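Computed from a prediction, not measured in an experiment: that's the story for all the values here.
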Amino acid sequence: YNSYINSYLICYIGLIGNAYYPNWLFQGLEKLKDISIVTLVTKIIVFSITLIFVKGPNDLNIALLIYSLSFVIPTIILTFYSYKVNETKFCKVSKVDVYKSLKESVPIFISNISTSLYTSLNSLILSRFVPIELVGMYYSSERIRVALQSLLNPISQAVYPRVCNAGQDLFNRYSSVFLIFGFCLSVACAIFSVFFGDLYFGYKFTMSSKYLTLMSPLIFIISFGVVYGQWFLVAKNLNKVFSKIYILSSLFHLIHVFPLVYFFGVWGVIASSLITQTIISSSMLIFYMKRKKNEA
């Protein structure tokens, strides 16, 4: 631990930058183009600097510092930009306002923590039952799946402000297009899993491609969670329902993930993730359908 204390402190710089990242502001103003430009330019600069200064294992802290700056620099630029164009201003915030904001955000905060139970902990649980090589293959496959899934984020962020107050017809139109896109990503992930595996991992790690193929439906399943969770439950201020679904599903995940991993290894943890995410998305869809039926 002591040998990595400086590395932890350097990473904390990136954590602060990420915490103050004004994504919520530009998303609400539907000015995601500004965020995209600043983020893209920063990533290119950071990548170039990394190639210049990071040469080997001894440059770990330099690499972490450069990586942390990829969060800090956009935050500083966008914050000053928003202030300059009069979108934000400095003002005194009372303790009552802070308490109210924290209270309203508790369900979302709890749901985010619950999500970690069936995502971040999977690799840790897996490491208790299978060789570390297989854990690495699983984690690498998961990173590719997450990278493909991240293509959903720009669309979700751009559409979210509009669907908050949208009518049913507009909601149905946006959700249909989004779900079709999520389905196409899942199909592409399954079809090109071998290509991604050979390109990213090498020919010696063919199991990673098989893991990625089995993970591919998650992208489509998660797109349902975005539509009927974020676009409907959160947008309609049904945060408690949103939080309850994630908490109960995460607790259920902890019940079935251990026996599945014990008997089936990596295949078990992937199956467990599919089960949990299907329950989450299905619960949100069922609640949405019941709500609309009662309103009819």
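Cluster membership for Val187 and Ile219, using ILVMFWY side-chain heavy atoms within less than 4.5 angstrom, is shared. Linking ILVMFWY residues whenever their side-chain heavy atoms come closer than 4.5 Å, directly or via other members, leaves Leu40 and Phe26 in distinct clusters. In this structure, Phe183 is a member of the same hydrophobic cluster as Ile280, with clusters built from ILVMFWY side-chain heavy atoms closer than 4.5 Å. Note on Ile155: it does not cluster hydrophobically with Ile180, by side-chain heavy-atom contacts below 4.5 Å among ILVMFWY residues. One hydrophobic cluster, built from ILVMFWY side chains closer than 4.5 Å, cannot hold both Leu102 and Val96; they sit in different ones.
Nearest heavy atoms, Asn122 versus Ser273: ND2-OG, 3.0 Å. The minimum heavy-atom distance between Ile52 and Lys55, with the atom names listed, is O-CE, 2.9 Å. Considering every non-hydrogen atom in both Leu274 and Pro217, the closest pair reads CD2-CB, 4.1 Å. Between Gln230 and Tyr160 the shortest heavy-atom distance is O-CE1, 3.2 Å. Considering all non-hydrogen atoms of both residues, Tyr139 and Ser123 come closest at CD1-OG, 3.6 Å. Nearest approach of Leu185 to Leu152, heavy atoms of both residues: CD1-CD2, 3.8 Å.
Side-chain contact between Ile255 and Leu251 is absent, with no heavy atoms from C-beta onward closer than 4.5 Å. A 4.5 Å side-chain heavy-atom check between Tyr246 and Met284 finds at least one atom pair inside the cut-off. For the pair Ile275 and Leu260, the minimum side-chain heavy-atom distance is below 4.5 Å. Residues Tyr211 and Ser140 fail the side-chain proximity criterion, which asks for heavy atoms closer than 4.5 Å. Residues Val234 and Asn239 meet the side-chain proximity criterion, which asks for heavy atoms closer than 4.5 Å. Ile13 is listed as a side-chain neighbour of Leu65, based on a closest heavy-atom distance under 4.5 Å. Ile222 has its side chain within reach of Arg145: a pair of non-hydrogen atoms, C-beta onward, lies under 4.5 Å apart. Side-chain contact between Val163 and Leu170 is absent, with no heavy-atom pair separated by less than 4.5 Å.
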Val269/Glu142 under side-chain contact (heavy atoms from CB on, under 4.5 Å): CA gap, chis, key distance, verdict:
CA-CA 11 Å; Val269 78; Glu142 175 74 0; over 6 Å; no
Apply side-chain contact (heavy atoms from CB on, under 4.5 Å) to the pair Tyr20 and Ile76, showing each step before the final yes or no.
CA-CA 9 Å; Tyr20 284 94; Ile76 294 174; over 6 Å; no
Evaluation steps, side-chain contact (heavy atoms from CB on, under 4.5 Å), between Arg128 and Val261:
CA-CA 9 Å; Arg128 300 284 296 179; Val261 172; over 6 Å; no
Given ring-ring contact (aromatic ring centres under 6.0 Å, His included), test Phe258 with Tyr262 step by step and report yes or no.
CA-CA 6 Å; Phe258 284 98; Tyr262 180 80; over 10 Å; no
Full working for side-chain contact (heavy atoms from CB on, under 4.5 Å) between Asn61 and Leu64:
CA-CA 5 Å; Asn61 288 340; Leu64 291 175; 4.2 Å; yes
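Enclosure of atom NZ in Lys100 is not indicated, since only 12 or fewer non-hydrogen atoms of other residues, nucleotides or ligands lie within 6.0 angstrom. Applying the 6.0 Å contact sphere to OH of Tyr21 captures more than 12 heavy atoms from other residues, nucleotides or ligands. Atom CZ of Phe181 has more than 12 neighbouring heavy atoms from other residues, nucleotides or ligands inside a 6.0 Å radius. For Tyr67, the OH atom sits in a loose shell: 12 or fewer heavy atoms of surrounding residues, nucleotides or ligands are nearer than 6.0 Å.
Atom-to-atom distance recorded for Ser141:OG and Tyr138:OH is 9.0 Å, nearest 0.5 angstrom. Here the CD1 atom belonging to Ile279 is positioned 10.5 Å from the NE2 atom belonging to His253, to the nearest 0.5 angstrom. Ile66 contributes atom CD1, which lies 4.5 Å from atom OG1 of Thr50 (distance to the nearest 0.5 angstrom). Once rounded to the nearest 0.5 Å, the distance linking SG of Cys184 with CG of Leu151 reads 12.0 Å. Put simply, CD on Gln149 and CD1 on Ile221 are 10.5 Å apart, with the number rounded to the nearest 0.5 Å. Considering CG of Leu69 and OG1 of Thr75, their distance stands at 11.0 Å, rounded to 0.5 Å.
Below 30°, between 30° and 60°, or above 60°: for Phe232 and Phe171 the angle between ring planes is above 60°, a perpendicular geometry.
Listed for the Ser82 side chain is a donor-acceptor partner under 3.5 Å among the backbone atoms of Thr79. With hydrogens and angles ignored, the 3.5 Å screen pairs a side-chain donor or acceptor of Ser186 with a backbone N or O of Phe220. Checked by atom type and distance alone, the side chain of Ser48 pairs as donor or acceptor with a backbone atom of Ile44 at under 3.5 Å.
The cationic atom of Arg291 (NZ for Lys, CZ for Arg) does not lie both less than 6.0 Å from the six-membered ring centre of Phe287 and within 45° of the ring axis.
In the model, Ser94 has a side-chain atom that pairs as donor or acceptor with a side-chain atom of Asp97 under 3.5 Å.
The side chain to side chain donor-acceptor pair (under 3.5 Å) contacts involving residues 213-229 comprise Ser193-Thr213, where partners must be two or more places apart or lie in separate chains.
Between Tyr8 and Tyr12, the distance separating the two ring centers is not shorter than 6.0 angstrom.
Judged as a side chain to side chain contact (heavy atoms under 4.5 Å, CB included), and not counting sequence neighbours, the contacts of Leu124 are Leu121, Ser127.
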